[in-house]
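Structure first, then comments.
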Amino acid sequence: MSKKMSKTILFIAMTVLLILWITPIFLVVSNSLKEYQEVVNSKAALPTAPISQGITNFQAILANENLNFVNSFLNSIIITVASLVSLTVVGAMAAWVLVRTKTKSSAIIFMVFVASMVIPFQAVMLPLVSWFASVSRFTGIALTRSYTGIILAYTGFGSAMTIFMYHGFIKSIPYELEEAARIDGCNQYQIFLRIILPILKPITITLLILNGIWIWNDFLLPLVLLGQGNAIQTLPLGISFFIGSFVKQWELIMMCLILSIIPVIILFILGQKHIIRGMVGGAVK
C-alpha cells in the first residue's frame, strides 16, 4: 500500500470519527434552539427561529421553580469545588506517605486502593446510604441531604484513582530533594507544601479535570444522598424535573445540557496542556 493511499484512508477514517463525535453535540445545540413541537416533529432538522426560541427556552429555565437553575448551579459549584479540594489534599498526602514508606503494610494499603477502583458504585449504594443514616443518628452530624455527606462520599469514591495517579507521579520525584530540604530545616509539612506539592502541578491539574467532570455530571450519588425535592440539589438532579412519565420537555433539557457543560469546557480549555503530561506521568512512571 502506497504512502499516499495510507494517508487517504487515514483522512477518511478521521473524518468519519469527527462526524460521529460532533453529531451528538450538533443535535443538542440544535434542539435547544427549538420549540417543543419542532423537536417532536424532527430532531435532526435545523431550528426555524434559533435566536428567539433560544432566548425563550433560556428564560423558561430561569423561571422554572422546580429546577431553580441558579441555586442548582451554585450547589453544583460548591459540591464540585469542595470535593476537588478534599480529593487533592487527601490523595496527594496519602500517596506521598505510601510512596515514601517502604513497608509491607504500605504496599498492601496501596493495592487495596487500586483494587477498590473496580468496585461499582451500584454495589455499595444501598449500604452507603444506610451507613450514613446510622452515623447521622449516632453523631448528630447530617450526612444525608447535606453538603457534608456528599462531599465526604465523593472524597471516598474518588480517592482510589487519585491516589493511584499521584502514587505513580511521586515515584519519579528524587528523594534527594526531600533530604536536602530536611537538612535545611524543613519539617514534614513544609517539605510537602514547598517541595512536593509544586512539583505535582501537572498531575494535579489532570486529576482536577477528570474528577471535576465526573463530579459535575454525576447523577446517581446526588440522587441517593440528596434526594429530589431537597433544597440542596445539583444540576443533573434539577434537569431530571423536565423528564416526566408522559411528557419530556426536550427543548428545555437540551438547553440545560448546554448551560451545564460550559463550566466543564472552560475547565478543560484552561488545563488541557497538562492532561497528557499528567496522565503519562501518573500512570507510567
Side-chain angles (χ1 to χ4, degrees), residues 14-81 83-84 121-122 150 154 208-272 275:
M14 295 298 292
T15 304
V16 172
L17 290 175
L18 176 62
I19 294 172
L20 292 175
W21 178 82
I22 207 170
T23 297
I25 300 175
F26 166 76
L27 291 176
V28 171
V29 175
S30 175
N31 288 302
S32 69
L33 304 176
K34 297 178 183 178
E35 62 179 6
Y36 175 76
Q37 199 57 46
E38 281 188 275
V39 179
V40 173
N41 292 338
S42 177
K43 295 177 177 61
L46 293 174
T48 55
I51 297 177
S52 61
Q53 191 58 47
I55 295 173
T56 301
N57 292 342
F58 179 72
Q59 291 174 340
I61 287 172
L62 293 181
N64 189 283
E65 295 181 357
N66 289 327
L67 170 61
N68 198 344
F69 180 81
V70 175
N71 183 60
S72 299
F73 190 84
L74 291 176
N75 286 332
S76 289
I77 289 178
I78 291 171
I79 292 170
T80 302
V81 171
S83 300
L84 290 178
F121 171 70
Q122 292 81 357
I150 194 165
Y154 276 130
L208 287 175
I209 293 173
L210 295 177
N211 288 325
I213 293 173
W214 158 56
I215 295 170
W216 183 268
N217 293 327
D218 189 34
F219 175 78
L220 192 54
L221 184 56
L223 178 64
V224 298
L225 284 183
L226 298 179
Q228 290 183 317
N230 185 15
I232 303 174
Q233 68 172 11
T234 59
L235 271 179
L237 282 180
I239 294 173
S240 66
F241 281 110
F242 295 119
I243 303 174
S245 300
F246 303 101
V247 178
K248 296 175 177 62
Q249 297 172 281
W250 290 114
E251 76 283 10
L252 300 184
I253 294 173
M254 296 299 108
M255 179 58 73
C256 277
L257 290 177
I258 294 296
L259 295 174
S260 65
I261 65 175
I262 291 175
V264 176
I265 293 174
I266 294 174
L267 178 64
F268 181 82
I269 292 174
L270 293 177
Q272 61 179 333
I275 292 179

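Since the model is a prediction, treat every value here as computed from it, not as a measurement.
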Next item on the list: Using only heavy-atom distances, determine whether the side chains of Tyr154 and Asn211 contain a donor-acceptor pair under 3.5 Å.
Entry: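 Looking only at side-chain atoms, Asn211 and Tyr154 do not form any donor-acceptor pair under 3.5 Å.
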Note to self: Using the ring-ring contact (aromatic ring centres under 6.0 Å, His included) criterion, which residues pair with Phe26? Sequence neighbours excluded.
What the structure shows: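 Phe26 satisfies ring-ring contact (aromatic ring centres under 6.0 Å, His included) with no other residue.
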Notebook entry, point to check: Excluding sequence neighbours, so at least two apart, what forms ring-ring contact (aromatic ring centres under 6.0 Å, His included) with Phe73?
Noted result: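 For Phe73 the ring-ring contact (aromatic ring centres under 6.0 Å, His included) partners, ignoring immediate neighbours, are Phe69, Trp216.
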Note to self: Please enumerate all residues that pass side chain to side chain donor-acceptor pair (under 3.5 Å) together with Gln59, with sequence neighbours excluded.
What the structure shows: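 Per chain and number, Gln59 pairs via side chain to side chain donor-acceptor pair (under 3.5 Å) with no residue.
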Margin query: Please determine whether the number of non-hydrogen atoms from other residues, nucleotides or ligands lying under 6.0 Å from atom CG of Leu17 exceeds 12.
Written below: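 Enclosed.
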Spatial distance of atom [atom1] ([X]) from atom [atom2] ([Y]) [nearest 0.5 Å]:
X: Leu67; Y: Ser240; atom1: CG; atom2: OG; answer: 9.0 Å
X: Leu74; Y: Ile78; atom1: CG; atom2: CD1; answer: 6.0 Å
X: Glu35; Y: Thr56; atom1: CD; atom2: OG1; answer: 9.0 Å
X: Phe241; Y: Gln249; atom1: CZ; atom2: CD; answer: 12.0 Å

Indicate yes or no for a side-chain donor-acceptor contact from [X] to the backbone of [Y] under 3.5 Å, with no hydrogens or angles considered.
X: Ser32; Y: Val29; result: yes
X: Asp218; Y: Trp214; result: no
X: Asn64; Y: Ala60; result: no

Margin query: Please enumerate all residues that pass side-chain contact (heavy atoms from CB on, under 4.5 Å) together with Leu226, with sequence neighbours excluded.
Written below: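 Partners of Leu226 by the side-chain contact (heavy atoms from CB on, under 4.5 Å) criterion, ordered by chain and then number, come out as Ile79, Ile150, Pro222, Asn230, Ile232, Thr234, Leu237.
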Check: For Ile19, what residues pass the side-chain contact (heavy atoms from CB on, under 4.5 Å) criterion, not counting sequence neighbours?
Finding: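 Per chain and number, Ile19 pairs via side-chain contact (heavy atoms from CB on, under 4.5 Å) with Thr15, Thr23.
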Next item on the list: Give every residue pair that meets the side chain to side chain donor-acceptor pair (under 3.5 Å) criterion with at least one member in residues 67-76, sequence neighbours excluded.
Entry: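 Listed by first then second residue: Ser72-Gln233, Asn75-Tyr147.
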Notebook entry, point to check: Tell me the side chain to side chain donor-acceptor pair (under 3.5 Å) pairs involving residues 42-55, sequence neighbours left out?
Noted result: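 Output for this query lists Glu38-Thr48, Gln53-Asn57.
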Please list, one pair per line, the donor and acceptor atoms closer than 3.5 Å that link side chains of residues 250-271 to other protein atoms, with sequence neighbours excluded.
unit_1	atom_1	unit_2	atom_2	d
Ser260	OG	Cys256	O	3.1
Ser260	OG	Leu257	O	2.9

Check: Considering all heavy atoms of both residues, which atom of Ser30 and which atom of Pro47 are nearest to each other, and what is their separation?
Finding: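 Smallest heavy-atom distance, with atoms named: OG-CD, 3.4 Å.
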